[in-house]
2 protein chains.
Amino acid sequence: MNEEEQKLNEVLMLFYFGYRTFTEKPDQMIEKYGIQRVHHRILFFIARIPGITVNDLLSIIEVSKQALNAPLRQLYEKGLITMVQADYDKRYKQLYLTEKGKLLESELSHVQHEQMKNIFTSLGGNHQEAWIDVMKELSRVRPGQKQFQALLKENLEK
Amino acid sequence: MNEEEQKLNEVLMLFYFGYRTFTEKPDQMIEKYGIQRVHHRILFFIARIPGITVNDLLSIIEVSKQALNAPLRQLYEKGLITMVQADYDKRYKQLYLTEKGKLLESELSHVQHEQMKNIFTSLGGNHQEAWIDVMKELSRVRPGQKQFQALLKENLEK
DNA sequence: CCATATAGGTCAATATGGTTGACCTAATTA
DNA sequence: TAATTAGGTCAACCATATTGACCTATATGG
């Protein structure tokens, strides 16, 4: 096996281990709320796009509506999100974080922010930019990512 | 929200989308073999450390032995791995890929290699090095990663 | 105004992925 | 010989997701 192959194998391994570390802390934190990683993802995306509809949210996360429904209801029951009938079309339900939800989401994001920030600053240079560039290339093809960008743009224009 | 926070939120999102793209192709490829991502991980680590024992493998992947047992048996039944009683201690079972297993593993790794290599070369500069540095920092704390490094070193010394 | 489409909810069946606890055999070691 | 270790297996449980089918409410186009 040549050196490039070895390096690429290291990349595969690092992706596995890196992602595991990345999700570890929030996973532990939300345990005591009786929720899981899906719920965290939902909170994250609602925080980025307040007022997002159910359909848009499931397009972003790329799961079926049945898979989203239960976690969404659980978040509602735990008082972490609210659902508001849209006045421009009563079929749509708009999702928002409650104050409690905002607090939890920001705590979870904060932990991950700190973790990544510490690494980026300790490595210095343009490590952050380079890492982002690589991950953007991977994300480019995701339908969910495209949907997210479109909604973000819409939100800014309003 | 300040600019740094926004950038860090982008990082969180990119990790989710990036990992999804990264695992997408192998997931599709192994479907027709009737196996899943766990099996792929097992094949990957056996390929890196031929003759690894069951216990060492589960330390690396960081799952319970019960979670590893079924996939391991399935891989054996499909003729992708072999299990050999170790002659230095008959309690240990050493795992190897069969020719068929080697072929599949290399196909799966190849797809991911190409995917990452294309991104690294298209971005150029030291994007690969920088990306690896960041992921290494995240992986550093993983018990499974430490175990993997120790076994790799052992293997080289033999 | 009616037919159709859309947003969302829900039930059921199915599969996968993982956990912990308990208990077993075989082999090794103190 | 007793205790430990590697590995296997059973059971109960829980979470994550799928597809298919069917429902209501609302909106919209002919």
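So that the names make sense, note that chain A is the first sequence line, chain B the second, and so on, each numbered from 1.
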**Q.** Salt-bridge criterion met for R140(A) and E137(A) (N-O under 4.0 Å)
**A.** yes
Q.
Between C1' on dT18(D) and CD1 on I61(A), what's the gap in Å once rounded to a whole number?
A. 16 Å
Q. Does the pair E105(A)/R48(A) count as a salt bridge with the N-to-O cut at 4.0 Å?
A. yes
Q) Quick one: is S64(A) getting a side-chain N or O under 4.0 Å of the dA17(D) phosphate, OP1 or OP2? A) no
Q: May I ask you to decide whether K136(A) forms a salt bridge with E129(A), counting only side-chain N to carboxylate O separations under 4.0 Å?
A: no
Q | Spacing of Q128(A) atom CD and E4(B) atom CD [to the nearest 0.5 Å] | A | 7.0 Å
Q. Do the charged groups of E99(A) and K102(A) touch, with an N to O distance under 4.0 Å?
A. yes
Q.
Please pick, from dA27(D), dT10(C), dT9(D), the nucleotide with the shortest atom-to-atom distance to any side-chain atom of D89(A).
A. dA27(D)
Q: Take the protein atom NE2 of H39(A) and the nucleotide atom C1' of dC14(D), then report the distance between them rounded to whole Å.
A: 13 Å
Q. The side chain of V38(A) lies closest to which of these nucleotides: dT26(D), dA22(C), dA17(D)?
A. dA17(D)
Atom pairs, N/O to N/O, protein against nucleotides 13-15 of chain C, distance under 3.5 Å?
none

Q. How about Q28(A): does its CD atom have over 12 heavy atoms from other parts shown lying under 6.0 Å from it?
A. yes
Q. Q147(B) side chain to D56(B) main-chain N or O, any donor-acceptor pair under 3.5 Å?
A. no
**Q.** salt_bridge(K117(B), E114(B)) N-O dist < 4.0 Å
**A.** yes
Q. Does OH in Y96(B) sit with more than 12 non-hydrogen atoms of other residues, nucleotides or ligands closer than 6.0 Å?
A. yes
Q: Please report, rounded to the nearest Å, how far the P atom of dT16(D) is from the NE2 atom of H40(A).
A: 14 Å
(Q) Quick check on dG18(C): is either OP1 or OP2 less than 4.0 Å from any side-chain nitrogen or oxygen of R41(B)? (A) yes
Q) For the pair made of OH in Y16(A) and P in dG17(C), what is the distance, rounded to whole Å? A) 12 Å
Q.
Under 4.0 Å, heavy atom to any atom of DNA chain D: which of residues 66-88 of chain B qualify?
A. Q66(B), N69(B), R73(B)
Q) Separation of R91(A) atom CZ from dT28(D) atom P, in whole Å? A) 6 Å
Q: State the CD1-NE2 distance between I35(A) and H40(A), to the nearest 0.5 angstrom.
A: 8.5 Å
**Q.** Interatomic distance, L68(B) atom CG to I60(B) atom CD1 [nearest 0.5 angstrom]
**A.** 10.5 Å
Q: Within residues 44-60 of chain B, find the residues that approach DNA chain D with a heavy atom at under 4.0 Å, and present them sorted by residue number.
A: T53(B), V54(B), N55(B)
**Q.** Residue closer to the 5' end of DNA chain D, K90(A) versus K65(A) (nearest nucleotide)
**A.** K65(A)
